[in-house]
Number of protein chains: 2
Amino acid sequence: MKKTSLNDIALHLGVSKTLVSFVLNGKGKEFRISEEICKKVLAVSKELNYQPNRIAQGLRTGRTNTIGLIIADIANPFFGILGREIEQEAAKFGYRVIFCSSDENPEKSRQQIEMLQQSQVDGYIISPPKDSEDQIRALALGNVPLVLIDRFFPEIECNQITVDNFDAAYRATNHLLRMGRKRIANITVNLDLINMNQRTEGYKQALRDSGHRVEESLIKVLPFSHENKEVAKAVKDLVTKNSQNKVDAILFSTSKLGINGIESISALGLKIPDDIAIVSFDNPDAYKICVSPVTVVNQPLKEIGKTAVQILLGEIKHPDNHAKIQKIILKTDLIIRKSCGS
Amino acid sequence: MKKTSLNDIALHLGVSKTLVSFVLNGKGKEFRISEEICKKVLAVSKELNYQPNRIAQGLRTGRTNTIGLIIADIANPFFGILGREIEQEAAKFGYRVIFCSSDENPEKSRQQIEMLQQSQVDGYIISPPKDSEDQIRALALGNVPLVLIDRFFPEIECNQITVDNFDAAYRATNHLLRMGRKRIANITVNLDLINMNQRTEGYKQALRDSGHRVEESLIKVLPFSHENKEVAKAVKDLVTKNSQNKVDAILFSTSKLGINGIESISALGLKIPDDIAIVSFDNPDAYKICVSPVTVVNQPLKEIGKTAVQILLGEIKHPDNHAKIQKIILKTDLIIRKSCGS
DNA sequence: CTGAAAGCGCTTACAG
DNA sequence: CTGAAAGCGCTTACAG
């Protein structure tokens with residue numbers, strides 16, 4: 001059972017496919033096609049269950065109504081929520097989205113970009129991994145719209161939507177200080193990306209502004225693909241009684257680190273917040289029900305996703321906007337729960 | 001700067017695009033095209049950065065190398081992990097995936113299926129919502145491969161990969177009984193779907209087999225889009241001291257219910273497992289670090305995803321397999337942590 | 001060994 | 001008001 005094509009409808013009615021195309025695209029009025037013919041076309045197309053072949057439309061028009069999304073890992077709820085919002089906002093305007101998880105691996109993202117190019121996507125939303133600067137620059141120079149989310153490269157002029165990471169970490173650290181913590185560590189992940197750097201910078205600045213010394217040994221930078229063990233090791237070094245690095249608070253720069261960190265702290269038999277206070281970036285469910293609900297830096301994920309789609313579609317509809325680059329920096333919330341004491 | 005096409009390469013070399021197409025598709029040998037011409041073609045295609053237009057290929061060959069995925073919600077880590085695995089396995093074989101979240105809404109899934117049809121996807125992997133039986137039946141009757149995951153409709157002959165939900169719930173309930181619990185409730189969600197029903201049936205059977213009475217008032221069925229409040233209400237009715245429904249254990253049929261449920265239990269000032277024991281389906285991070293780490297029914301998500309892709313691609317490559325329907329039922333693990341006492 | 005030609009299913013100037 | 005024709009970028013019988 002072959003699919004119904006425009007031609008089938010035309011043949012069926014003894015008219016041209018030009019006419020059928022016009023009617024089905026709602027241009028009946030515009031081309032002053034008679035009411036009754038319009039009705040017939042619509043009726044037959046329904047009767048034969050006509051489904052336009054979007055691939056053929058795409059080839060002809062150069063528009064596929066598809067956007068390509070590259071994030072680190074769709075299984076990570078941070079990107080899951082983001083991806084969900086992007087999918088939903090895109091669907092509102094008739095766009096579909098091809099999802100790609102790069103694992104923060106530039107070779108993977110390179111292949112994914114290539115695949116998306118070949119798929120003729122109308123635009124890209126990308127959370128670029130480190131060392132992907134050249135790929136992104138090349139893309140930005142092309143004439144297909146692009147929006148970066150979560151991170152960006154300062155040297156590339158390109159639409160981008162991020163969060164004020166410096167400010168977020170600054171406020172989080174300040175909160176720990178206000179709660180009376182004296183010695184605060186930062187556990188972060190080596191993404192070699194500006195967003196993570198800004199978090200650590202915000203942390204340092206808050207310490208300095210309150211007259212504390214920044215101790216490099218209290219900043220633990222783990223590789224991106226860290227094992228549970230590595231987090232445990234970092235935590236152990238920071239919380240053990242007779243360690244010279246003994247701290248009374250930790251700022252986790254990602255929730256993956258935070259969740260592993262809390263597991264380690266519990267395993268060591270220490271209590272949050274009594275023995276150690278905690279603030280973490282991101283707000284997974286885990287933090288709501290854990291031993292001591294965690295104070296977090298909450299990012300406006302839905303707004304990031306929605307805005308990214310809106311900017312992208314705006315540029316797709318109006319290619320003359322291509323030159324007008326938008327750099328949007330959103331604010332975060334500090335959600336105070338119990339992990340810093342009261 | 002227009003994209004390079006096959007024709008550009010052909011013109012550049014003064015050969016036909018037929019030849020170029022053959023070489024680029026690795027059919028140089030097959031058509032005994034001279035070594036040097038092959039080399040030239042490859043060189044020029046690299047030089048001009050030729051990217052094949054997959055949309056044009058798709059129109060011509062009727063294959064888009066794209067699969068459509070419909071799950072309930074990609075922001076839910078259960079589906080995030082599943083989706084991730086599907087994306088990854090598909091990518092291995094050169095397939096891209098369009099992600100769709102149905103929100104368990106049959107009208108949405110109908111639109112999504114239509115969109116995917118129009119996009120000429122080569123196959124579907126679907127976790128169908130309730131009341132989508134007609135849509136799925138129609139799809140299964142078509143000649144595009146289809147694999148259902150997580151749930152299925154007993155009356156539709158169709159590839160499907162699920163888990164032994166009855167057995168999982170049976171074992172989970174038995175575990176609670178072995179841990180000395182006397183009165184066990186089940187909180188589930190009204191998906192009107194076989195997988196959820198099987199869970200509750202397994203729970204009932206375990207009670208019966210151990211000589212307990214099944215009390216319908218201990219089975220709380222919440223609507224799919226439940227608020228936190230509704231879970232809280234159900235929990236409250238089950239755990240309050242002087243409630244006639246007072247129980248000493250709860251089996252949660254989804255992790256969303258479980259996470260909300262734990263929040264409610266904590267809010268009521270009750271202790272897990274002392275006051276109430278808990279087992280939940282699914283294994284989110286939250287359960288590892290929560291007040292009392294939760295004993296869970298862990299589903300082999302990666303295996304589900306991987307197998308789904310393999311069956312789908314097998315059928316895409318060998319359409320004659322279309323008749324051989326595969327129904328796969330995987331086993332679950334009961335991961336014992338602390339929420340049932342020791 | 002290589003090329004001219006048809007055709008996938010559309011849209012869209014162009015002609016009348 | 002309607003239709004014939006070209007063409008998007010490929011692949012693939014067919015011919016020589």
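Numbers restart at 1 for each chain; the letters A, B, ... are given by sequence-line order, proteins then strands.
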key: Separation of D/dG9 P from B/L24 CG (nearest whole Å)   = 16 Å

inquiry  = What's B/N25 touching, base or sugar-phosphate or nothing? Going by heavy atoms closer than 4.0 Å.
reply    = sugar-phosphate

task = Provide the full list of salt bridge (charged side-chain N to carboxylate O under 4.0 Å, His left out) pairs with a residue in residues 33-48 of chain A, sequence neighbours left out, each pair given once.
result = A/K29-A/E35

ask   = Residues two or more places apart in sequence or in another chain: which of them pass salt bridge (Lys or Arg N to Asp or Glu O under 4.0 Å) with A/K327?
value = A/E157

key: A/S132, A/P128, A/P129, A/S127 screened by side-chain contact (heavy atoms from CB on, under 4.5 Å) with A/S102, the one that passes   = A/P129

task = Report the residues that fulfil side-chain hydrogen bond (donor to acceptor under 3.5 Å, both in side chains) with A/S21, sequence neighbours left out, ordered by chain and then residue number.
result = A/N25

task = Using a 3.5 Å limit on both pairing distances, list the dot-bracket string of DNA chain D from the 5' end; Watson-Crick and G-U wobble pairs count, crossing pairs take [ ], interstrand pairs take |.
result = |||.||||||||.|||

inquiry  = What is the distance, to the nearest angstrom, from the CD atom on A/Q57 to the C1' atom on D/dG9?
reply    = 17 Å

task = Rounded off to whole Å, could you give me the NZ-to-P distance for the A/K27 and C/dA13 pair?
result = 8 Å

Would you mind writing out the side-chain donor-acceptor pairs for residues 305-315 of chain B within the sub-3.5 Å range, not counting sequence neighbours?
unit_1: B/T307; atom_1: OG1; unit_2: B/E303; atom_2: O; d: 2.5
unit_1: B/Q310; atom_1: NE2; unit_2: B/E89; atom_2: OE2; d: 3.3
unit_1: B/E315; atom_1: OE1; unit_2: B/N159; atom_2: ND2; d: 2.8
unit_1: B/E315; atom_1: OE2; unit_2: B/H322; atom_2: ND1; d: 2.4

key: Partners meeting side-chain hydrogen bond (donor to acceptor under 3.5 Å, both in side chains) with A/D134 (sequence neighbours left out)   = A/R137

message = Test: salt bridge (charged side-chain N to carboxylate O under 4.0 Å, His left out). Region: residues 141-151 of chain B. Which pairs qualify, not counting sequence neighbours?
response = B/E104-B/R151

ask   = Which residue pairs pass the side chain to side chain donor-acceptor pair (under 3.5 Å) test when at least one of the two sits in residues 64-86 of chain A, sequence neighbours left out?
value = A/T64-A/D122, A/D73-B/R84, A/R84-A/Q88, A/R84-B/D73, A/R84-B/D103

key: Atom-to-atom span, CZ of A/R63 to C1' of D/dG9 - whole angstrom   = 17 Å

request  = Starting at atom CD of A/Q120, determine the distance to atom P of D/dC10, rounded to an integer number of angstrom.
outcome  = 8 Å

task = Using only side-chain N and O atoms of A/K3, determine if any of them is under 4.0 Å from OP1 or OP2 of C/dC8.
result = no

A/R54 CZ to C/dG9 P, straight-line distance once rounded to whole Å = 15 Å

message = Of the listed nucleotides (C/dT12, D/dT12, C/dG9), which one gets closest to any side-chain atom of A/T61?
response = C/dT12

Dump every N/O contact between nucleotides 1-5 of chain D and the protein below 3.5 Å, one line per pair.
unit_1: D/dT2; atom_1: OP2; unit_2: A/S34; atom_2: N; d: 3.4
unit_1: D/dG3; atom_1: OP2; unit_2: A/S16; atom_2: N; d: 3.0
unit_1: D/dG3; atom_1: OP2; unit_2: A/S16; atom_2: OG; d: 3.2
unit_1: D/dA4; atom_1: N6; unit_2: A/T18; atom_2: OG1; d: 2.6

ask   = When the distance from CG of A/L6 to P of C/dT12 is rounded to whole Å, what number comes out?
value = 12 Å

request  = Work out which heavy atom in A/F79 is nearest to a heavy atom in A/A72; give both atom names and the distance.
outcome  = CE1-CB, 3.5 Å

inquiry  = Could you tell me how far apart B/L59 (CG) and C/dT11 (P) are, to the nearest whole angstrom?
reply    = 12 Å

